[in-house]
Amino acid sequence: PSDVVGIVVIALGITVFFLPAMRRKPGENYSVEAIVLALVASLFWGLAIVLEDRGSRVSIPITVLISLVPQILFSAAMLIFVSKSFGGLTRPSLIRLAGAGAALAMGNVLFFTAANMGNVGVVSVLTGLAPLVVAVLALVFLRERMARSELVAMGITIVGACLLAI
């Protein structure tokens with residue numbers, strides 16, 4: 001029962017977090033297309049996690065590697081055929097991007113290890129809190145400001161995660 005309550009509380013927290021940003025203000029564009037694309041992206045990510053979970057039961061390192069190959073090929077094709085330039089990347093930005101890649105790889109390994117040890121649905125919901133981690137990191141390291149409603153939403157979502165974890 002705490003699993004279901006936790007998921008509902010997390011959903012409530014996420015809704016409270018994004019609701020103020022979704023209000024239409026005079027002169028602002030409200031992109032239904034962006035919302036539809038985000039929902040479709042979630043479907044693809046969910047499908048990927050289910051497929052990768054099956055592979056990770058055999059070998060986590062091979063699953064992480066093989067799942068990255070199509071991403072690399074697709075990104076390279078977009079860079080070659082769609083992008084107009086390679087965008088003036090500097091040495092510091094390349095170092096940061098390499099760090100991001102290492103963090104993503106570590107996240108994948110930890111995710112699949114956790115999924116093999118527990119319920120992939122619960123693990124997926126808990127790792128789905130990454131946007132909240134990004135918000136906290138942006139608050140601390142980038143000095144970005146958060147509205148009171150966003151802070152309340154983060155608290156609600158963290159409570160939901162705790163309910164889900166117990």
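We use all heavy atoms of the structure for the numbers below, so side chains are in, but hydrogens, waters and symmetry mates are not. In what follows, residues are counted from 1 in the order of the sequence shown.
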Residues which pass side chain to side chain contact (heavy atoms under 4.5 Å, CB included) with A138, listed by chain and number, not counting sequence neighbours: L142, E144
Would you say V140 ends up clustered with V133 if hydrophobic residues are merged whenever their side chains have heavy atoms under 4.5 Å apart, either directly or through other cluster members? yes
Can you sort out the partners of L47 under side chain to side chain contact (heavy atoms under 4.5 Å, CB included), two or more places apart, ordered by chain and number? L51
My understanding is that a hydrophobic cluster links ILVMFWY residues whose side chain heavy atoms are under 4.5 Å apart, including indirect links. Using that, what else belongs to the cluster containing L110? M106
Who passes side chain to side chain contact (heavy atoms under 4.5 Å, CB included) against P92, sequence neighbours left out? T90, R96
Under a side-chain separation threshold of 4.5 Å, the hydrophobic residues clustered together with V69 are L73
If you group Ile, Leu, Val, Met, Phe, Trp and Tyr by side-chain heavy-atom gaps below 4.5 Å, do L97 and L68 land in one group? no
Just how far is it from atom CG of L104 to atom CZ of F111, taken to the nearest 0.5 Å? 13.5 Å
Distance-only check: which donor-acceptor pairs under 3.5 Å involve side-chain atoms of residues 56-65, not counting sequence neighbours?
{"residue": "S56", "atom": "OG", "partner": "E52", "partner atom": "O", "Å": "3.4"}
{"residue": "S56", "atom": "OG", "partner": "D53", "partner atom": "O", "Å": "3.0"}
{"residue": "R57", "atom": "NE", "partner": "D53", "partner atom": "OD2", "Å": "3.4"}
{"residue": "R57", "atom": "NH2", "partner": "D53", "partner atom": "OD2", "Å": "3.0"}
{"residue": "S59", "atom": "OG", "partner": "I62", "partner atom": "N", "Å": "3.3"}
{"residue": "T63", "atom": "OG1", "partner": "G55", "partner atom": "O", "Å": "2.9"}
{"residue": "T63", "atom": "OG1", "partner": "S56", "partner atom": "N", "Å": "3.1"}
{"residue": "T63", "atom": "OG1", "partner": "S59", "partner atom": "O", "Å": "2.7"}

Are V123 and N119 close enough, and set up right, to give a side chain to side chain contact (heavy atoms under 4.5 Å, CB included), and what steps lead you there? CA-CA 6 Å; V123 170; N119 180 323; 5.8 Å; no
Checking V50 now: which residues fulfil side chain to side chain contact (heavy atoms under 4.5 Å, CB included) with it, not counting sequence neighbours? none
